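First up is the structure itself, then whatever we jot down about it.
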Number of protein chains: 2
Amino acid sequence: MRATGNEGSLAQAVIRRFNLLRPLSEEAVAALEQAILEGLFRAGPGEDLVVEGDPVDSVRVVLSGWLFRHKTLEDGRRQIVNFILPGETCDAYAYLLPAIDHSITTATPVAYAEIKRSRFEKLMASDRTLAEAFLCETALNNAIQREWAINLGRRAALEKVAHLFCEIYERLRPVGLIDGNSCGFPVTQMDLADATGLSVVHLNRTIQELRAAGLITLRDRMLTIPDLDALKSAALFSPGYLQLYSKG
Amino acid sequence: MRATGNEGSLAQAVIRRFNLLRPLSEEAVAALEQAILEGLFRAGPGEDLVVEGDPVDSVRVVLSGWLFRHKTLEDGRRQIVNFILPGETCDAYAYLLPAIDHSITTATPVAYAEIKRSRFEKLMASDRTLAEAFLCETALNNAIQREWAINLGRRAALEKVAHLFCEIYERLRPVGLIDGNSCGFPVTQMDLADATGLSVVHLNRTIQELRAAGLITLRDRMLTIPDLDALKSAALFSPGYLQLYSKG
DNA sequence: CGCTCGGTTGACCGGACTCAAATCCTGTGG
DNA sequence: CCACAGGATTTGAGTCCGGTCAACCGAGCG
């Protein structure tokens, strides 16, 4: 759906985050803002923005709302391979491959900007800092994906869930979505199960274990972490792979 | 170790594979070959090329031999998050981040080319097809990493191992390392266990199961797949995510 | 010859899964 | 305002896949 409201301020999250990745020149900020405003869209929850196998011809930047990337096996088993949070990019450079390998679905109402390939390439050519920011975004995304591999392959259930909470929390921080020691967390337990490779039932029990240990509160789509260090330690979380954010 | 022998021909695997990713202009091929020849190195098995936390200041391209990317938890649990095979790139754009999030270790003797960042950036600026090829490499790498997520999170032990065999096999094909229905497979069962998120003991039993089913032969560092379709079907392997290779 | 490393086997255990049902919540229509 | 439907969360019981621990074998090597 083409967006019609006045959401100029939404671009701020993207700009702020990109500036942490790579300090942008003034011209870069202006150009990016302009490109975003030209291609504003909105989507409701549960909509597929991209489906596995589609060709992709644009780059999308998320202004608000949560999405996730996921893949499904023939028999229906599903894995959420990552979340996409406000300020993050959906698929820089995905247009270079003939088809995309995974689907992207909204978890909440979402506002995003769509930049057509040709427009995007002109942008990249026009400003070096901007080009580097998008490359950083891709490299960072890659690093996060690797951390998910060890999360899925080697951590125990409680550690997996705790780790996911820590990561999301830290990724929300630079875009100003942390409020005190809480943040919105608009994801069902089924999604959480598919993101951690657990069954819904076991995920539920694991969450209760985290609650019982006083490590988190999760209620009404709101996550509270009373003692972040304690949760990180329970998760064996080491923030190195998100390092870019720590500068902010 | 700086390489001294005459390995000009080694660059061919890289060129051939890159040409599949993105057809290179003649000048691009020449420039890339030149850059490779300028920075040839060799390493023995079990050497760390990069260690988690290091800053990276160059791009490496593998000419021969296998390596793997891995991460380790405080308590020693290890996850191999990917293999790096001949013709593949170690860490394009990793220099944009202040430190690398994972280690890279050789599994066999390896020949590789190291291209310093400044040299690499000049190369990228000089030829568009070359720049796109490296971007493709990064995007593809990202897609593979996502497939590993579903492998680790949602497939059963036998499927995991079968899937890994299928993927490696298909990745070796474009660089001409498949011979009949066999390929070299210079990896210990411990490494395979860490790549699939299984224990060594269970991995061993899973391999025996695959052998008993007639799906593979694995002996003397040599993998034979008598019926690739059968193995793919046991693995729930769908090659879409490696699509670039299928064109070759 | 003895050591080490990789592969193999056996016995046992337990974490996570499955199946099934109950409860809670929310939005909707009467 | 209430009844109801559908989805999300929770609980219980039983099972099994994959982990752990421990021992043994075989090949290469100093």
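Letters go in sequence order (proteins before strands), and every chain restarts at 1. Everything numeric in this text was worked out from a predicted model, so none of it was measured.
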Practice prompt. Give the rounded distance in Å between these two atoms: CD of A:Glu209 and C1' of C:dG15.
Written response: 11 Å

Worksheet item: For A:Arg154 and D:dG18, is the shortest distance between a side-chain N/O and OP1 or OP2 below 4.0 Å?
Response: no

Practice prompt. Mind calculating the distance between CZ (B:Arg221) and P (C:dG6) to the nearest angstrom?
Written response: 8 Å

Item to complete: With DNA chain C as reference, determine whether B:Arg205 or A:Asp220 sits nearer its 5' end, using the nearest nucleotide of each.
Response: B:Arg205

Discussion item. Counting only side-chain nitrogens and oxygens, does B:Gln189 get under 4.0 Å of the OP1 or OP2 atom of C:dC5?
Written reply: no

Worksheet item: To the nearest angstrom, how far is B:Ile207 atom CD1 from C:dT8 atom C1'?
Response: 12 Å

Discussion item. Mind checking if B:Arg155 touches a base, just sugar-phosphate, or nothing, with heavy atoms under 4.0 Å?
Written reply: nothing

Fill in: Nearest-angstrom distance from the residue atom CG of A:Leu158 to C1' of C:dG15
12 Å

Worksheet entry | Salt-bridge criterion met for A:Glu159 and A:Arg154 (N-O under 4.0 Å) | no

Item to complete: Taking only the side-chain nitrogens and oxygens of B:Asn204, find out if one of them lies under 4.0 Å from OP1 or OP2 of C:dT8.
Response: yes

Worksheet item: Can you check the B:Asp191 CG to C:dG6 P distance for me, whole Å?
Response: 8 Å

Worksheet item: Hey, which of A:Leu97, A:Asn141, A:Asp101 is the one that makes side-chain contact (heavy atoms from CB on, under 4.5 Å) with B:Asn142?
Response: A:Asn141

Fill in: Sidechain N-carboxylate O distance under 4.0 Å for B:Asp227, B:Lys232
no

Fill in: Under 4.0 angstrom between A:Gln208 side-chain N/O and D:dT9 OP1 or OP2
no

Item to complete: Taking atom types as modelled, find out whether A:Glu52 and A:Ser103 have a side-chain donor-acceptor pair closer than 3.5 angstrom.
Response: no

Worksheet item: Counting any heavy atom closer than 4.0 Å, what does B:Val201 reach on the DNA or RNA strands: base, sugar-phosphate only, or nothing?
Response: base

Item to complete: Whole angstrom is fine here: how far is it from CG in A:Asp194 over to C1' in C:dC17?
Response: 14 Å

Worksheet item: For the pair made of CG in A:Leu218 and P in C:dC24, what is the distance, rounded to whole Å?
Response: 18 Å

Worksheet item: For the side chain of B:Arg211, counting heavy atoms from C-beta on, which of D:dT20, C:dT8, C:dC17 is nearest?
Response: C:dT8

Worksheet item: Once you round it to whole Å, what is the distance between C1' of D:dG18 and CD of B:Glu159?
Response: 14 Å

Worksheet item: Heavy atom of residues 72-80 of chain A under 4.0 Å from DNA chain D: which residues?
Response: none

Discussion item. Counting the atoms with a prime plus P, OP1 and OP2 as sugar-phosphate, which does B:Thr188 contact under 4.0 Å by heavy atoms, base, sugar-phosphate, or nothing?
Written reply: sugar-phosphate

Practice prompt. Establish, from distance only, whether the side-chain atoms of B:Ser182 and B:Thr224 form a donor-acceptor pair under 3.5 Å.
Written response: yes

Discussion item. Under a plain distance cut-off of 3.5 Å, with no hydrogens placed, do A:Trp148 and A:Glu167 share a side-chain donor-acceptor pair?
Written reply: yes

Worksheet entry | Atom CG of A:Asp48 with >12 non-hydrogen neighbours under 6.0 angstrom | yes

